[in-house]
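Everything on this sheet refers to the single structure shown next.
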Amino acid sequence: MQMRPLFAAVVLAATTFTANAAEELVVYSARIDDLIKPVFDAYTAKTGVKVTFITDKEAPLLARLKAEGANTPADMLITVDAGNLWQASQEDVLEPVTSKVIEANIPAQYRATNNTWTGLSLRARTLAYSTERVKDGELSTYEALGDANMEGRLCLRTSQKVYNQSLTAAMLKTWGEEKTEAVLKSWVNNLATDVFSDDTALLKAIDAGQCDVGIVNSYYYGRLLDKQPDLKVKLFWPNQADRGVHVNLSGAGVTKHAPHKAEAIKLLEWMTGPEAQSIFAELNMEFPANPSVEPAPAVKSWGGFKADTINVEFAGKLQPEAIKLMDRAGWK
């Protein structure tokens, strides 16, 4: 059937609008606005492509993507912790992306084996200790926090936080169920006080003398030190003689039904490159996922360390088993 001129013009206009829509990308982000907006602003300044982002917690964003299905406006999902990224992949809301750029920029241990997501910034879940009450040589490994010399000196964050669940999953992958459960029980037995709701409160407790040692994400330490330069707490990199420090990440993937898939891949590739990696590292005192990019000066001053080389994907794969172990160990 032949279209009339007016109808043809309307169809042409609609087609043009769809093509131009690629000049704007929509991102669902579980990161704090201040930690992601400068990255998108830099991309817009560089390419002219506007990035609109919607911020929420991980679970609501995942539920939203599933509910929207093929009608989603989202081109990309950004979230924290490999466990959450793995879950998004399992829920089939992310599209596998084969990119030589991403493969060259980000080590395999910080990418999904099915190419559905990649890490963007790293955080070490390491030991924090009192500079007043912990002596040289007292710290060595995560496991040693359960030793007799740490009785009544340990602080932990709640087991409900995914960061601790991922740490436990990594231990489970390395040591197996029996040893991991024994370690968790020894930690619980050495607690100085009830578990904390967040890492910042834990660090303040060490500074105040409630406990001597705890396990925290490195960037929480950097944030607090920036506000309290006289903080009587430092970081220690454990397990340097064996598997290394547990490292987790924030990361992103292109959504399965991305309206602008090709442009979303370009954004993702750019975010793994030097310019964006430097911004990520500076904003939240995290480590770049791209090893060719230097950490921010403040972060670099904490010293280098050997990181665990297991794929962080296991933080998601073994999370259900990790949660069961934490519960059996009495870690609240």
Side-chain angles (χ1 to χ4, degrees), residues 25-47 49-58 61 75-85 101-102 105-107 110-111 117-126 128 161-163 166 198-200 203 216-229 231 233 235 245-253 264 266-305 307 312:
L25 295 172
V26 176
V27 176
Y28 286 179
S29 172
R31 301 224 65 180
I32 298 170
D33 289 5
D34 291 346
L35 301 181
I36 198 68
K37 186 177 184 299
V39 177
F40 295 147
D41 287 346
Y43 187 71
T44 299
K46 186 179 184 69
T47 66
V49 177
K50 181 182 177 183
V51 181
T52 298
F53 61 100
I54 296 169
T55 306
D56 206 338
K57 297 291 186 181
E58 295 85 359
L61 289 176
D75 296 292
M76 182 182 291
L77 173 68
I78 294 178
T79 188
V80 294
D81 198 276
N84 291 324
L85 289 160
V101 173
I102 294 174
N105 285 339
I106 308 297
Y110 303 133
R111 292 185 275 111
W117 53 263
T118 182
L120 295 175
S121 58
L122 309 178
R123 61 276 300 273
R125 190 146 191 82
T126 191
K161 188 59 185 178
V162 71
Y163 302 151
S166 293
D198 65 78
D199 284 9
T200 302
L203 287 163
V216 299
N217 276 1
S218 51
Y219 62 87
Y220 284 100
Y221 171 76
R223 287 180 189 169
L224 187 58
L225 185 63
D226 191 47
K227 295 178 181 177
Q228 295 180 215
L231 190 69
V233 179
L235 296 181
V245 175
H246 171 66
V247 171
N248 212 306
L249 46 76
S250 70
K266 289 179 182 177
L267 172 59
L268 189 60
E269 289 177 336
W270 178 80
M271 287 197 294
T272 67
E275 184 179 356
Q277 286 288 292
S278 294
I279 299 172
F280 274 120
E282 186 71 37
L283 285 173
N284 197 36
M285 295 192 180
E286 294 176 292
F287 298 91
N290 184 329
S292 70
V293 179
E294 290 285 326
V299 175
K300 198 171 182 178
S301 71
W302 304 338
F305 61 88
V312 294

Donor-acceptor contact present, side-chain [X] to main-chain [Y], <3.5 Å:
X	Y	answer
Ser166	Tyr163	no
Asn84	Val80	yes
Ser218	Ala124	yes
Thr44	Val49	yes
Asp75	Val26	yes
Asp81	Asn248	no

Interatomic distance, [X] atom [atom1] to [Y] atom [atom2] [nearest 0.5 angstrom]:
X	Y	atom1	atom2	result
Asp41	Lys50	CG	NZ	11.0 Å
Ile54	Leu61	CD1	CG	8.5 Å
Leu225	Trp302	CG	CH2	8.0 Å
Arg123	His246	CZ	NE2	10.0 Å
Leu35	Tyr219	CG	OH	9.0 Å

Return the minimal non-hydrogen interatomic distance between [X] and [Y], and the atom names on each side.
X	Y	answer
Asn217	Asp199	N-OD2, 2.8 Å
Gln277	Ala289	OE1-N, 2.8 Å
Glu294	Pro288	O-CG, 3.7 Å
Ser29	Ile36	OG-CG2, 4.2 Å
Thr200	Tyr220	OG1-CD2, 3.5 Å
Leu224	Leu203	CD2-CB, 3.7 Å

Q) Would Tyr221 and Val233 count as a side chain to side chain contact (heavy atoms under 4.5 Å, CB included) if you check the C-alpha gap in whole Å, the side-chain angles of each, and the deciding distance to 0.1 Å? A) CA-CA 8 Å; Tyr221 171 76; Val233 179; 4.3 Å; yes

Would you say the side chain of [Y] lies within less than 4.5 Å of the side chain of [X], judging by non-hydrogen atoms?
X	Y	result
Ile32	Thr55	no
Met76	Leu268	yes
Asn290	Thr272	no
Val216	Leu235	yes
Trp117	Ile78	no
Arg223	Asn284	yes
Leu25	Leu267	yes
Leu249	Ser121	no

(Q) I want to know whether Phe40 and Phe53 have ring centres closer than 6.0 Å. (A) yes

Q: May I ask you to check whether Tyr110 and Phe287 place their ring centres under 6.0 Å from each other?
A: no

Q) Any salt bridge between Glu286 and Arg31, counting N to O under 4.0 Å? A) yes

Q.
Check for me whether Lys46 meets the cation-pi criterion with Tyr43, that is, NZ or CZ under 6.0 Å from the six-membered ring centre and within 45 degrees of the ring axis.
A. no

Q. Just wondering, more than 12 heavy atoms not from Lys37 lying within 6.0 Å of its NZ?
A. no

Q: Only one of Leu85, Asn105, Ile106 passes side-chain contact (heavy atoms from CB on, under 4.5 Å) with Thr118; say which it is.
A: Ile106

Q. Can you check side chain to side chain contact (heavy atoms under 4.5 Å, CB included) on Leu122 and Phe280, steps first, answer last?
A. CA-CA 9 Å; Leu122 309 178; Phe280 274 120; over 6 Å; no

